[in-house]
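Taking it in order: structure first as structure tokens, then the write-up.
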Amino acid sequence: SYLSGTCCHGRMTAVMGPVVTAAFVLEHPEVVVADVRWYLDGRDGRAAFEQAHLPGAVWVDLDASLAAHGLPATEGRHPLPEPADFAQAMGDLGIGDDTVVVAYDDTGGLTAGRLVTMLRMIGREAAVLDGGLGAWQADGHSVETGRSEEHTSELQSRVDISYAVF
């Protein structure tokens, strides 16, 4: 198992660490690998994804999926989205209640960490890939190009985060 057991008030609980290795991803093909590249300098994260991404990865658009829309500038560049909007975005990517997510980027975990933090805040198993895309490629692992495949309806489970407060 990729979960480590810890004792809490006399019972065992399972908690995934916040960072995983490339070996973990290779050993667990059931995880959803999420590319969360976004650049402050205006480069296109989607274009970077299409040029090279981990096999089977889905691209998560920070602006569309991980931030609220239509708020005044005083709310910041990327305020957290409403829980229902976040749930819809994650469900559309095939991320559901029982999905384990490994997120990566190529900026030291800055944007991947946002997705991981948001998922962990609502009790979902998620981790950042240690070293991101650069480490993956430096270790000689293959990458894919182009768009990711569309997800089938059986992967479209919705994350129930109605109890979460962002």
Rounded to the nearest 0.5 Å, how far does [atom2] of [Y] lie from [atom1] of [X]?
X	Y	atom1	atom2	value
Thr107	Leu40	OG1	CG	10.5 Å
Arg43	Arg37	CZ	CZ	9.5 Å
Leu133	Asp35	CG	CG	7.0 Å
Glu125	Thr99	CD	OG1	11.0 Å

Check for me, please, whether [X] and [Y] land in the same ILVMFWY cluster - side-chain distances under 4.5 Å, paths through other members count.
X	Y	result
Met90	Val58	yes
Leu119	Val60	yes
Val116	Val20	no

Please name the pair of heavy atoms, one in [X] and one in [Y], separated by the smallest distance, quoted to 0.1 Å.
X	Y	answer
Trp136	Ala22	CE3-CB, 3.6 Å
Gln137	Ala52	NE2-CB, 4.2 Å
Leu26	Pro29	O-CD, 4.2 Å
Val128	Gly109	CG1-CA, 4.4 Å
Ala126	Arg120	O-NH1, 2.8 Å
Ser142	Pro55	O-CD, 3.4 Å

Next item on the list: Apply side-chain contact (heavy atoms from CB on, under 4.5 Å) to Val31 and Phe24, showing your working.
Entry: CA-CA 10 Å; Val31 303; Phe24 172 89; 4.0 Å; yes
Is there side-chain contact between [X] and [Y], with at least one heavy-atom pair below 4.5 Å?
X	Y	answer
Leu54	Leu129	yes
Leu93	Val32	no
Arg114	Leu62	yes
Met118	Leu66	yes

Next item on the list: Give the C-alpha distance, both sets of side-chain angles, the deciding distance and a yes or no for side-chain contact (heavy atoms from CB on, under 4.5 Å) between Val101 and Leu115.
Entry: CA-CA 9 Å; Val101 175; Leu115 173 60; 4.2 Å; yes
Checklist line | Steps toward side-chain contact (heavy atoms from CB on, under 4.5 Å) verdict (Asp61, Trp59) | finding: CA-CA 6 Å; Asp61 184 341; Trp59 183 66; 3.4 Å; yes
Checklist line | Candidate list Asp44, Asp106, Asp105, test side-chain hydrogen bond (donor to acceptor under 3.5 Å, both in side chains), partner Tyr39, passing option | finding: Asp106
Next item on the list: List the steps and the verdict of side-chain contact (heavy atoms from CB on, under 4.5 Å) for Met121 and Phe86.
Entry: CA-CA 12 Å; Met121 284 172 55; Phe86 180 58; over 6 Å; no
Next item on the list: Describe, in one word, how the ring planes of Phe49 and His53 are oriented to each other, choosing from parallel (under 30°), tilted (30 to 60°) and perpendicular (over 60°).
Entry: parallel
